[in-house]
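What follows is a single structure, written as structure tokens, with notes after it.
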Amino acid sequence: MLQTAEPALVLPGLSERERLVATMLHSDRPLPQIARELHVAPSTVKSQAIAIYRKLQVNSRHEAVELLERGGFFES
């Protein structure tokens, strides 16, 4: 099972599932592959990604990953 790292920054209201999806977005996996690994529909992962972007106040996967990297989210 995949686990998320403890974030060094306070994530504004990200759910446990959103933190898991954020970790998977960092891996450069395509959304359909993430969906298969989580056993959900691709549209579910897309919705979760959009929620992450909104909560982080960014407009793209790249911006979200960059912000989370700067904040230490992916450090183990």
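Keep in mind the model is a prediction, meaning the values are calculated, not measured.
- The salt bridge (charged side-chain N to carboxylate O under 4.0 Å, His left out) check on E63 picks up nothing, with sequence neighbours excluded.
- Scored by the side chain to side chain contact (heavy atoms under 4.5 Å, CB included) test, P32 finds P30, R36 as partners (sequence neighbours excluded).
- Counting only distance, with no hydrogens or angles, the side chain of S47 and the backbone of S43 share a donor-acceptor pair below 3.5 Å.
- In this structure, the separation between CG on L56 and CD on E66 is 12.0 Å, given to the nearest 0.5 Å.
- Under the ring-ring contact (aromatic ring centres under 6.0 Å, His included) criterion, no residue pair touches residues 45-64, with sequence neighbours excluded.
- Here the CG atom belonging to N59 is positioned 13.0 Å from the CZ atom belonging to R54, to the nearest 0.5 angstrom.
- Remark: S15 engages R17, E18 in a side chain to side chain contact (heavy atoms under 4.5 Å, CB included) (not counting sequence neighbours).
- Pairs passing the ring-ring contact (aromatic ring centres under 6.0 Å, His included) check and including a residue from residues 13-52, sequence neighbours excluded, read H26-F74.
- Within the 4.5 Å cutoff, no side-chain heavy atoms of T44 are placed close to those of L38.
- Note that CG of L68 is 8.5 Å distant from OG1 of T23, once rounded to the nearest 0.5 Å.
- S27 meets the side chain to side chain donor-acceptor pair (under 3.5 Å) test with R29; sequence neighbours excluded.
- Checking each of I34, L31, V45 against M24 for a side-chain contact (heavy atoms from CB on, under 4.5 Å) leaves exactly one that passes, namely I34.
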Walk me through whether V58 and I52 qualify under side chain to side chain contact (heavy atoms under 4.5 Å, CB included). CA-CA 9 Å; V58 298; I52 292 166; over 6 Å; no
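- Between the side chain of K55 and the main chain of L14, no donor-acceptor pair closer than 3.5 Å is present.
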